[in-house]
*Asks:* 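Handing you this structure, nothing more for now.
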2 protein chains.
Amino acid sequence: MSVSVEALDAALRERGLRATPQRRQVLTAIVSLGHATPEQIHGHVHARNPSVNLSTVYRALELLEELGLVSHTHLDHGAPTYHLAAHARHLHLVCRHCGSVTEAELSIARPLAAVIAERHRFTADLTHLSVHGVCAE
Amino acid sequence: MSVSVEALDAALRERGLRATPQRRQVLTAIVSLGHATPEQIHGHVHARNPSVNLSTVYRALELLEELGLVSHTHLDHGAPTYHLAAHARHLHLVCRHCGSVTEAELSIARPLAAVIAERHRFTADLTHLSVHGVCAE
DNA sequence: TTAACTGCAAAAGTTTTGCAGGTCG
DNA sequence: CGACCTGCAAAACTTTTGCAGTTAA
């Protein structure tokens, strides 16, 4: 975790931007939560620092994503969920019925990515891949 | 197209629901547009029948999906796009840069679905699969 | 006729924005 | 000190809901 925060500080410094507590706390929240919606992230940050505003969370998420530290997917019904870019070593199986999210090996989608690259000249970003369906319940 | 509308009428009758012009027009719009957001569908319907309200479009989409005639995915930034269930014979390649949506053979994802079924006991719905990435530009 | 459906308007939920004040560097 | 950031409030969107009037069957 402190690794991520240090990476953040470095990335910010490099761009002449500021390392504020809020930005660090948003990143820390993502690290703790694994993957979460802006709302959930705000809840986590807010617990430690009640003055932090939801709009600041949105702005921080946008920035963190721009810096390449974080990325997001649309898991279920359009709800965006954010996670560490470095942790994006799995794809998501989203159950339509129970809403559960299971993680699966990224490597199992490699063959698919290869076919897509070849036939469509399209570079698939597997870290953004989520497969919808029905789990074993 | 009239095929779809007839299927709609039949499905509605079977459930004791009503075949209204609005419902038919929403379905027709989806047929013409291929895939479209609620907003775009409303635009299309509205052009022919200006009195149709957006909330009616939402209600119709919900119903059509329930009847299994239509389904939706979240293509790009969470924007829901609806399409005929019968046309869902392809998966989507969504370009992060230009926003374009390319269609690819569903069959190329079969092996992936098989692995997921075996390892995770998860039945993948490939018709809801969209792959994000970068196209050839 | 009458239960289902629609249009309208308002509510609810989410994300963005303008601005005055606070703060990192 | 000075530009960058934040909190707040309001705006901009998207989707849902309640209700009175309309309409398909």
Side-chain angles (χ1 to χ4, degrees), chain A residues 5-6 8-29 36-67 70-82 99, chain B residues 5-6 8-29 36-67 69-82:
Chain A
V5 174
E6 281 159 25
L8 170 60
D9 287 5
L12 289 171
R13 217 173 302 126
E14 195 177 325
R15 293 215 189 183
L17 301 174
R18 293 185 185 167
T20 64
Q22 291 89 336
R23 287 173 179 176
R24 292 203 190 95
Q25 286 161 6
V26 166
L27 184 58
T28 301
T37 64
E39 194 72 36
Q40 294 171 320
I41 292 166
H42 178 240
H44 194 272
V45 172
H46 194 265
R48 299 190 124 218
N49 184 352
S51 69
V52 174
N53 195 273
L54 181 56
S55 63
T56 301
V57 172
Y58 275 103
R59 289 189 275 228
L61 288 173
E62 190 183 345
L63 177 62
L64 292 174
E65 195 155 23
E66 215 174 289
L67 295 175
V70 151
S71 64
H72 80 277
T73 9
H74 297 279
L75 289 188
D76 47 66
H77 227 236
T81 68
Y82 288 79
Chain B
V5 174
E6 279 159 25
L8 169 61
D9 287 5
L12 289 171
R13 218 174 300 126
E14 194 178 326
R15 292 215 188 181
L17 301 175
R18 295 185 184 167
T20 64
Q22 291 89 336
R23 288 172 178 175
R24 293 202 190 97
Q25 285 160 6
V26 166
L27 184 59
T28 300
T37 65
E39 194 73 34
Q40 294 171 321
I41 292 166
H42 178 240
H44 194 271
V45 172
H46 194 265
R48 298 190 125 220
N49 183 353
S51 71
V52 174
N53 196 273
L54 181 55
S55 63
T56 300
V57 171
Y58 275 102
R59 290 189 274 229
L61 287 172
E62 189 183 346
L63 177 63
L64 291 174
E65 195 155 22
E66 216 174 289
L67 295 176
L69 296 171
V70 152
S71 65
H72 80 277
T73 10
H74 297 280
L75 290 187
D76 48 68
H77 228 236
T81 68
Y82 289 79

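Both backbone and side-chain heavy atoms feed into the values below; hydrogens, waters and symmetry mates do not. Throughout, protein chains are lettered first and strands after them, A, B, ... in sequence-line order, and every chain is numbered starting at 1.
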*Asks:* Quick check on DNA chain D: between B:Pro21 and A:Ala19, whose nearest nucleotide comes earlier from the 5' end?
*Replies:* A:Ala19

*Asks:* If you take atom types as modelled and just measure distance, does the side chain of A:Arg59 reach the base of D:dG7 with a donor-acceptor pair under 3.5 Å?
*Replies:* yes

*Asks:* What's the separation between atom CZ in A:Arg24 and atom CG in A:Asp9, rounded to the nearest 0.5 Å?
*Replies:* 4.0 Å

*Asks:* Rounded to the nearest Å, what distance is computed from the CG atom of residue A:Asn49 to the P atom of nucleotide C:dT23?
*Replies:* 12 Å

*Asks:* Please tell me which of the listed nucleotides, C:dC5, D:dC5, D:dG7, lies nearest to the side chain of B:Arg18?
*Replies:* C:dC5

*Asks:* CD1 of B:Ile41 versus P of D:dT14: gap in Å, rounded?
*Replies:* 14 Å

*Asks:* So which nucleotide from C:dT14, C:dC8, C:dT15 ends up closest to the side chain of A:Glu39?
*Replies:* C:dT14

*Asks:* What distance separates B:Gln22 CD from B:Leu63 CG, expressed to the nearest 0.5 Å?
*Replies:* 12.5 Å

*Asks:* Nearest to the A:Thr20 side chain among D:dC5, C:dT14, D:dT15, which nucleotide is it?
*Replies:* D:dC5

*Asks:* Does a side-chain N or O of A:Gln22 approach OP1 or OP2 of C:dT23 to a distance below 4.0 Å, or not?
*Replies:* no

*Asks:* Send over the distance from B:Asn53 CG to C:dC8 C1', rounded to a whole Å.
*Replies:* 7 Å

*Asks:* For A:Arg15 and D:dA3, what is the distance between atoms CZ and C1' respectively, to the nearest whole Å?
*Replies:* 17 Å

*Asks:* For the atom pair CG (A:Leu64) and CG (A:Leu12), what is the distance rounded to the nearest 0.5 Å?
*Replies:* 8.0 Å

*Asks:* From CD of B:Glu62 over to C1' of C:dC5, roughly how many Å is that when rounded to an integer?
*Replies:* 14 Å

*Asks:* Can you tell which of D:dT15, C:dT15, D:dC8 lies closest to the side chain of A:Ser55?
*Replies:* D:dC8

*Asks:* Compare the minimum distances between each of C:dA4, D:dT6, C:dG7 and the side chain of B:Leu17, then state the nucleotide with the smallest one.
*Replies:* C:dA4

*Asks:* Can you tell me which nucleotide in D:dT14, D:dT15, C:dT15 comes closest to the side chain of B:Tyr58?
*Replies:* D:dT15

*Asks:* Between D:dA25, D:dT15, D:dG7, which nucleotide gets closest to the side-chain atoms of B:Leu54?
*Replies:* D:dT15

*Asks:* Determine the interplanar angle of the B:His42 and B:His46 rings, folded into 0 to 90°, and report it as parallel if under 30°, tilted if 30 to 60°, perpendicular if over 60°.
*Replies:* tilted

*Asks:* With a 4.5 Å heavy-atom cut-off, do B:Leu17 and B:Arg23 have their side chains touching?
*Replies:* yes

*Asks:* Once you round it to whole Å, what is the distance between P of C:dC5 and CG of B:Leu61?
*Replies:* 15 Å

*Asks:* Rounded to the nearest angstrom, tell me the gap between atom CG in B:Leu12 and atom C1' in C:dT6.
*Replies:* 15 Å

*Asks:* Atom CG of B:Leu63 to atom P of C:dT6: distance rounded to whole Å?
*Replies:* 9 Å

